[in-house]
Visitor: 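Okay, here's the structure, questions in a sec.
Indexing begins at 1, ligand by ligand and atom by atom, following the structure's order.
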Amino acid sequence: MAVRTLITGALVVTMDAADRVIEGGAVLVEGGKIERVGPVSDFAQLDQVRLETVNASGHILMPGLVNGHTHMGDSLFRGLVEDLPLEPWLERLWVSERQFLSYDTVRLGADLAIAEMIRGGITSALDMFWFPEAAADAAISAGFRLSTGPIMFDFEGPDGVAAEERPAHGELWLERYSGEPLIHPAVQPHQVLTVAPERIRLARQLANRHGAVFHAHCAETEAEVAGSVARFGRTPLAHLHHLGALDGAAALAHLVHLTDQDFGLLAESGAGALHNPLSNLKLGSGIAEVPRMLDRGIPVAIGTDGAVSSNDLDMWTAIRVAGLLQRGVHQDPLLTPARQTIRMATAGAADAIGLGEVTGRLTAGHRADLVLIDLDRVHLTPAFDPWPLLAYTVGRADVTDVMIEGTWVMRGRKLLTVDPAAAVAGARELGHRIAAHNAAHVAAHSGGADGRSES
Ligand SMILES: [Zn+2]
């Protein structure tokens, strides 16, 4: 069995500190990590013993995409609740979640999400959902890199854990998954209006004790900001800062509605910003000021959010929209250059979720999380410059091969570690029951067809 893999002849997009692109480049992988990157000629003297050589000419070889924010289990509910403002939309979704979520169904949703993500060139994600052990087990089984961990939520959830028991419950979770090479711990209070201040403090302490990233939603809607100001006298971001929640690795999703003071606190804290343009557009939440974040040196990750709020886990679409949105809004074609946008889905994304030393770059010492993109396509010809191709043209079907932690998880578009047919069959069967329950709920509560009266 080969113990080393040499991928050779590709257009290598390294995402290293100089954003080096190597035409006719090669990457040597050994023991799950990247051993060496350079022009093919550098590898001429390489010992051929137990070496797998992959000819990748005609392909872009780049780091796997990092999905900065998602809820994998929500893949089970894709398209179920539509056309409502965030708060009533969440209420409706939670009715179905409470009814149907268990370890087994979350595992099913995670299998579905991981299969979708690998096929789209994503090699790692930051995931927040009920039963995070189901997500972690699915990731370990699929060989997928996942940041996840205990969630904090003050109301009764489908897992039956009381709010006051969550910190201790979380402690056990973090102990159980410590040492798993593909699982990176996160402690995840939902947001400031659904988690009491004392439990946000406990979440921070828990994260610090276990070297975990603190991951929460923050300033997603105007309503959330108004609610936080009314209840705590502070914006959500200032409230988190005040509680000490940003004293350590932190990653905050959305950050659409920030004050000048918030920007200052955010930049000073070093927390990562998780930008989910498709979700923010679809839910009518607003548009995050990404150029301002980048100008302040705030690490930004692009994310898909869950499949209920952006309806797929397609990072290429999220990349394209993230790159174009700011230009249209500000009427400035110089904003978010293609290279900067790709950085927000690779190296910059890894930085934003606390994995900058682990993934997101093809440099010696980083874990071998990489993808191949076939350039022999009508829509990718001619290929003058990889940056605009990657930012505006490449799509999921162009990703042919995916390696995570040095192991191929997709070759020639065939998934090797997760069975998509089984996930599809399971989700389809469960989907029938979810649809029937949702229809009955809407009929019982709305008095009308659209369910809006409950909000
Ligand atoms: Zn979210």
Visitor: Which residue pairs pass the side chain to side chain donor-acceptor pair (under 3.5 Å) test when at least one of the two sits in residues 196-206, sequence neighbours left out?
Guide: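 For residues 196-206: Asp154-Arg199, Arg204-Asn208.
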
Visitor: Taking Lys33 first and then Glu405, would you say they form a salt bridge - that is, a charged N and a carboxylate O separated by under 4.0 Å?
Guide: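 So Lys33 does not pair with Glu405 through a salt bridge.
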
Visitor: For Asp314, is there an ion pair with Arg396 - N to carboxylate O distance below 4.0 angstrom?
Guide: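 A salt bridge links Arg396 with Asp314.
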
Visitor: So, at under 2.8 Å, which protein N, O or S atoms would a careful student list around the Zn ion (ligand 1)?
Guide: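 Within the sphere that stays under 2.8 Å of the Zn ion (ligand 1), the protein atoms of type N, O or S are His69 NE2, His71 NE2, His217 NE2, Asp305 OD1.
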
Visitor: So does Asp401 pair up with Arg411, basic N to acidic O under 4.0 Å?
Guide: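 Yes.
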
Visitor: Could you tell me whether Asp159 and Arg166 make a salt bridge, using a distance below 4.0 angstrom between a side-chain N and a carboxylate O?
Guide: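 Salt bridge: yes.
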
Visitor: Indicate yes or no for a side-chain donor-acceptor contact from Glu357 to the backbone of Asp351 under 3.5 Å, with no hydrogens or angles considered.
Guide: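 No, the answer is negative, given that no donor and acceptor are paired below the 3.5 Å cut-off.
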
